[in-house]
Amino acid sequence: MTAPGSLHARHRAVMPEWLSLYYREPLELTHGEGRHVWDTEGRRYLDFFGGILTTMTAHALPEVTKAVAEQAGRILHTSTLYLDRHMVELAERVAALSGIPDARVFFTTSGTEANDAALLLATTYRRSNQILAMRNSYHGRSFSSIGITGNASWSPTSLSPLQTLYVHGGVRTRGPYAHLSDERFTRACVADLEDMLGQTHGNVAALIAEPVQGVGGFTAPPDGLYAAFRDVLAPRGILWISDEVQTGWGRTGDHFWGWQAHAENGPPDVLTFAKGIGNGMAIGGVVARAEIMNCLDANSISTFGGSPVTMAAGLANLTHLLEHDLQGNARRVGGLLIERLRAVTAGLPAVREVRGRGLMIAIELAEPDGSPSPRAASLALELARERGLLIGKGGREADVLRIAPPLSLTIAEAEEGATILAEVLRQVRDTPGGKDRP
């Protein structure tokens, strides 16, 4: 029972019912350092989720906390109606890193808002409200971004200002093409795309796609799929929007951006980002070619996008990430972690698949008959917390454990987390169906 005066009870009394909380007894986290966080009872946890892939470098990173404190002591807010040195400097760096030629950057306060702005740009530039999106996708919680979300668990309404057409390809190991080789899988998805475009009325504005589907359970197509899609889209003038809210800044290890796994034909037309760049501060944004970014013919500003404090934090965080080669660390430590997880889960019937890239790793769980097991995932989440490890959950059926620690994770911490997860998954195996506690 929840005590009437508890923070949980107070939360339930004033917050929406749909504002979900992890755990049977929800946590209040009070502080963090490095890859660890502490709750109100003083218990320490190894953080393998980083506030939904947002604490990118480390908790309480000195460079970021110093930048925030110093800027807050000068001025907290100005709006985009005034010049801001930090905003210009961060935009210059993001534009250069994006790979998009003649790039322009617009800062927002979230990934949802970034994707919303990208959709505004694409539909205005192309004079069309038709959008291609991937099945099992997630792009945010605004009215327009829900309208292009291909995951029913995160799409509470069928109403939308957009006409959305959903394409195969985002999930490699389920669906009608799962049995095909990578090459044949890609060809089948391209054929599906061409067939769909042959049945549309008017000109489609854009394809929006996550290189690795985040909420969808860290699923990804074979490398090169979106390059093959672009061969179909570009001749028709259809834009490619790469949603890098979760895949950006080197998290996948092999690449700085997720789109670079599909880079035969160069960068996307539009790129969106958020989460990790602020290390907890509210930063999102859109990068696009100048002709696309400048297509709006009405006034537009942002009251809070690109605020002096968040821009100072983003600059400090990005500098730390680049100077300490955290992308390389994600590749090295993430590679070790995924191999370790595959080894310790081998032979466990509850584990259908261990997949991922860099420090973006998923463990998909199943019932004995092979069907998705949200029961096992919920139980694993609780058992991991009991052992001092925080992980996430996702997938279309809420059957996937999501592992995405700060990119500074050490080998010793990776081994510790893998050991805990091995214990957890063995206990999940031994727990009779229906007796989980969440």
Side-chain angles (χ1 to χ4, degrees), residues 90-134 137-140 142 144-145 147-150 161-162 164-165 167 170 193 203-214 225-227 229-249 255-275 277 283-297 300 302 305-306:
L90 185 56
E92 289 171 340
R93 299 192 74 177
V94 171
L97 288 165
S98 74
I100 295 175
D102 195 22
R104 299 293 187 273
V105 182
F106 175 69
F107 288 108
T108 67
T109 61
S110 69
T112 291
E113 190 185 349
N115 285 329
D116 208 47
L119 292 169
L120 173 64
L121 291 170
T123 53
T124 303
Y125 182 76
R126 292 279 292 159
R127 311 305 300 172
S128 168
N129 74 335
Q130 294 184 353
I131 296 292
L132 299 172
M134 304 305 296
S137 59
Y138 174 81
H139 298 285
S142 67
S144 66
S145 60
I148 56 164
T149 286
L162 304 167
T164 307
L165 307 168
V167 183
L193 173 63
N203 59 314
V204 173
L207 164 74
I208 185 168
E210 306 155 272
V212 179
Q213 294 183 330
L225 175 78
Y226 294 119
F229 276 9
R230 201 173 196 199
D231 287 339
V232 175
L233 301 176
R236 294 171 167 84
I238 300 171
L239 304 180
W240 172 25
I241 303 170
S242 186
D243 179 343
E244 302 278 352
V245 169
Q246 297 196 31
T247 51
W249 318 109
H255 307 102
F256 194 76
W257 304 107
W259 68 258
Q260 290 170 315
H262 310 270
E264 288 93 334
N265 298 324
D269 301 291
V270 182
L271 178 154
T272 61
F273 62 86
K275 291 193 181 289
I277 182 61
I283 305 177
V286 185
V287 190
R289 298 197 318 269
E291 62 179 311
I292 299 171
M293 185 67 80
N294 295 334
C295 74
L296 304 183
D297 58 4
S300 191
S302 180

To the nearest 0.5 angstrom, please state how far the CG atom of Leu97 sits from the CH2 atom of Trp257.
6.5 Å
Which atom pairs, donor and acceptor, lie under 3.5 Å between side-chain atoms of residues 234-242 and protein residues at least two apart or in another chain?
residue: Arg236; atom: NH1; partner: Val232; partner atom: O; Å: 2.9
residue: Ser242; atom: OG; partner: Glu244; partner atom: OE2; Å: 2.8

To the nearest 0.5 Å, what is the distance between CD1 (Ile283) and NZ (Lys275)?
13.5 Å
Under a 4.5 Å cut-off applied to non-hydrogen side-chain atoms, are Asn115 and Ile148 in contact?
no
Residues two or more places apart in sequence or in another chain: which of them pass ring pair (Phe, Tyr, Trp, His ring centres under 6.0 Å) with Phe107?
none
So, Thr112 side chain and Ser142 main chain: donor-acceptor pair closer than 3.5 Å or not?
no
Heavy-atom closest contact (Ser110 atom, Ala274 atom, distance)
C-CB, 3.9 Å
Rounded distance (nearest 0.5 Å) linking atom CG of Asp243 with atom CE of Met134
12.5 Å
Restricting to ring pair (Phe, Tyr, Trp, His ring centres under 6.0 Å), what partner residues turn up for Tyr226, sequence neighbours left out?
Phe229, His262
How many angstroms lie between CZ in Arg104 and CE in Met293, if you round to the nearest 0.5 Å?
9.0 Å
So, Thr124 side chain and Leu121 main chain: donor-acceptor pair closer than 3.5 Å or not?
no
Is it true that a side-chain atom of Ser137 and a backbone atom of Gly150 form a donor plus acceptor pair closer than 3.5 Å?
yes
Between OG1 of Thr272 and CZ of Phe106, what distance do you get to the nearest 0.5 Å?
13.0 Å
Taking the side chain as every heavy atom from C-beta outward, state whether Leu132 and Leu233 have any pair of such atoms under 4.5 Å apart.
yes
Would you say His139 and Val245 make side-chain contact, with heavy atoms under 4.5 Å?
no
What distance do Ile131 atom CD1 and Ile208 atom CD1 have between them, rounded to the nearest 0.5 Å?
7.5 Å
Could you tell me if the ring centre of Phe273 sits under 6.0 Å from that of Trp249?
yes
